[in-house]
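Here's the structure we're looking at; comments come further down.
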There are 2 protein chains.
Amino acid sequence: MEYNQKQLSILEAAEKLFASHGFHATSVRDIAHEADVNIAMISYYFGSKEKLIEAIFLKRIIAWKMTLTEMLSNNGRSYVERFDALVETYVNRVMSNPCFNLMMIRAQIQEDIAVNELIHENKKEAYEVIKSFINEGQENGVFSGDVDIMMMVYTLVGTTNHVMSTRHHFQRMSNLEHLTDSQLQEYLISHTSNHLKNLFKAILIHEA
Amino acid sequence: MEYNQKQLSILEAAEKLFASHGFHATSVRDIAHEADVNIAMISYYFGSKEKLIEAIFLKRIIAWKMTLTEMLSNNGRSYVERFDALVETYVNRVMSNPCFNLMMIRAQIQEDIAVNELIHENKKEAYEVIKSFINEGQENGVFSGDVDIMMMVYTLVGTTNHVMSTRHHFQRMSNLEHLTDSQLQEYLISHTSNHLKNLFKAILIHEA
DNA sequence: TTGATTAAATTAAATGTTTGTTTAACTTTG
DNA sequence: CAAAGTTAAACAAACATTTAATTTAATCAA
């Protein structure tokens, strides 16, 4: 799991190219060129193009699982605070790593890719963690009881993914073409997470 | 624009294969085989693989534009009724045509595909139609004034797309594996549109 | 209704390019 | 000096597209 500099530049280049052109449209030659290494190094280090994409997913998925669990099990903060943190952190993470998340979206659509099962298992685990958290909040009377948690998670993920993956459409439609890429990213993070937090609170929090 | 039976079976086969494997992973040989026509017929009728995908998009986009405009400009129904119809019809349309909509999602992610500009123009048009409708409802005091219409549309599209594109993950996570594909589809349509209608009404309708 | 003529439809085969991967030779490193 | 790293070249397979030959369908004068 420890990668040297050459392996890391291959992983980075592959993530970038797989994200913008797709797995099949990206040749190992393209990756080698982008990473500035010889073509044979990819087979040498990763075995094959398929194994390469698997390595990319594993690296990211493990990192997210840790963040999620730590974030929700932190008992120093209230349920609402932790829920807000969940939305904010998720949105931030997706917007800050467009390349990887585009790969993720693509892989979920594709049915014939090997990493698909890996993704499903980890999505399920993540969902169970969130569900337990909400259920706990419901038992403590903080969250409303008649919430479809699954659909709420789908709205969180679906909205964020859609904003991220069509961010340049969004930019043009909102007349934000004067913003730089990082300014746009900042705008989308705050805008999307505020929108979602409002939306969820409207159905999740008992009226005072 | 009038297609014969052979052209239609090519279009149908291509839509199916592009959707499940992606544009680049689908060879014209695969399409020819699925459509049960000779390989050369695809170049003969559509010129190239690129032109073929453009033809598919044009066919669908024109149909949706008509539906949307008719639906919202129907003055026989109230604003709320028309808004509900918008959500319901959109969700229904996406869920009932998974192949085409997966192609759409894919194309929006991909930056180097020719149809991308076509999609952007039509998304913008559709958004303007919806925005005018909501604004009209706001002027008439039916809808709340402080709604981020753009983000709401992104939640509609994002949630629906995400449910549709990961519908088999959804099925497994919800323990609905006993349902047939068409039963699942029906379940997802009602479930998703109800969820979204509730969500939007919570932020869109003035409290009575 | 015939037979000739022409354009459209259809085909198998060939084209030249690009693909992922391997090889075998070479260089660097410990 | 052996193991790991690196390379250009070679490999067969698959790719989109074109070609040239053949069949089908339509038109129309006799």
Side-chain angles (χ1 to χ4, degrees), chain A residues 1-58 99 103 106-107 110-116 118, chain B residues 1-59 99 103 106-107 110-116:
Chain A
M1 281 295 169
E2 293 290 302
Y3 296 117
N4 62 39
Q5 195 49 55
K6 207 151 228 172
Q7 288 171 305
L8 285 172
S9 59
I10 291 171
L11 287 169
E12 191 187 341
E15 197 171 281
K16 180 182 164 187
L17 294 174
F18 286 158
S20 54
H21 310 303
F23 180 75
H24 292 282
T26 304
S27 68
V28 290
R29 278 169 184 77
D30 295 337
I31 298 169
H33 185 258
E34 177 78 23
D36 200 29
V37 300
N38 186 277
I39 316 169
M41 298 311 296
I42 291 167
S43 295
Y44 180 72
Y45 279 128
F46 296 97
S48 70
K49 198 181 164 186
E50 282 281 351
K51 295 265 186 65
L52 175 59
I53 201 175
E54 274 184 58
I56 295 171
F57 273 98
L58 264 175
C99 286
M103 276 184 60
R106 236 187 257 276
Q110 215 111 344
E111 281 152 20
D112 56 351
I113 263 188
V115 289
N116 214 287
L118 181 74
Chain B
M1 282 295 168
E2 292 292 301
Y3 295 118
N4 63 39
Q5 194 50 53
K6 209 150 228 175
Q7 288 171 306
L8 284 173
S9 58
I10 291 172
L11 287 170
E12 191 187 341
E15 199 171 279
K16 179 182 167 189
L17 294 174
F18 286 157
S20 54
H21 309 304
F23 180 75
H24 292 282
T26 303
S27 68
V28 291
R29 278 169 187 75
D30 296 336
I31 299 169
H33 184 257
E34 177 79 25
D36 200 29
V37 301
N38 186 276
I39 316 169
M41 297 311 296
I42 291 166
S43 294
Y44 179 72
Y45 278 130
F46 297 97
S48 70
K49 199 179 159 187
E50 281 282 351
K51 296 264 185 65
L52 175 59
I53 201 175
E54 276 184 58
I56 294 172
F57 273 98
L58 263 174
K59 190 163 158 278
C99 286
M103 275 185 59
R106 235 186 260 276
Q110 215 112 343
E111 279 152 20
D112 56 352
I113 261 187
V115 289
N116 213 288

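A, B, ... follow the sequence lines: proteins, then strands. Residue 1 opens every chain.
Rounded to whole angstrom, the span from the CG atom of D30(A) across to the C1' atom of dT21(C) amounts to 16 Å. In this structure, CD1 of I31(B) is placed 8 Å from P of dA16(D), rounded to the nearest angstrom. Regarding H33(B), its NE2 atom lies at a distance of 17 Å from the C1' atom of dT10(C), rounded to whole Å. Put simply, NZ on K49(B) is 12 Å from C1' on dT17(D), counting in whole angstrom units. Between F46(A) atom CZ and dT22(C) atom P there is a gap of 16 Å when expressed in whole angstrom units. When the C1' atom of dC15(D) is taken as reference, atom CD of E50(B) falls 15 Å away, rounded to whole Å.
Applying the side chain to side chain contact (heavy atoms under 4.5 Å, CB included) criterion to E12(B), with sequence neighbours excluded, gives no partner residue. Annotation: side chain to side chain contact (heavy atoms under 4.5 Å, CB included) contacts of S43(B) (sequence neighbours excluded): none. The side chain to side chain contact (heavy atoms under 4.5 Å, CB included) search around K51(A) returns S48(A), not counting sequence neighbours. Partners of F57(A) under the ring pair (Phe, Tyr, Trp, His ring centres under 6.0 Å) rule, at least two apart in sequence or in another chain, are F100(A).
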Using distance only, find each side-chain donor-acceptor pair of residues 30-42 of chain B under 3.5 Å and give its atom names and separation, not counting sequence neighbours.
unit_1	atom_1	unit_2	atom_2	d
D30(B)	OD1	S27(B)	OG	3.3
D30(B)	OD2	S27(B)	N	3.2
D30(B)	OD2	S27(B)	OG	3.1
E34(B)	OE2	K16(B)	NZ	3.0
N38(B)	OD1	A40(B)	N	2.9

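To the nearest 0.5 Å, atoms NZ (K49(B)) and CG (L52(B)) are separated by 9.5 Å. I10(A) contributes atom CD1, which lies 8.0 Å from atom NZ of K6(A) (distance to the nearest 0.5 angstrom). The NE2 atom of H24(A) sits 13.5 Å away from atom CZ of F23(B), with the distance rounded to the nearest 0.5 Å.
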The contact string for nucleotides 25-30 of chain C, one letter per nucleotide 5' to 3', using protein heavy atoms under 4.0 Å with B, S and - for base, sugar-phosphate only and none, comes out as ------
For nucleotides 8-14 of chain D, print each protein N/O atom paired with a nucleotide N/O atom at under 3.5 Å, atom names and distance only.
unit_1	atom_1	unit_2	atom_2	d
dA8(D)	OP2	N38(A)	ND2	3.1

Can you tabulate the close N/O pairs, meaning under 3.5 Å, that link protein atoms to atoms of nucleotides 7-9 of chain C?
unit_1	atom_1	unit_2	atom_2	d
dA9(C)	OP2	Y44(B)	OH	2.9

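Contact check for E54(B) versus F46(B): no side-chain heavy atoms found under the 4.5 Å cut-off.
Terminal axes of the helix from dT1(C)-dA30(D) to dG30(C)-dC1(D) (five pairs each, C1' rotation axis) are separated by 10°, to the nearest 10°.
Looking at every heavy atom in both residues, Y3(B) comes nearest to K59(B) through CE1-CD, 4.1 Å.
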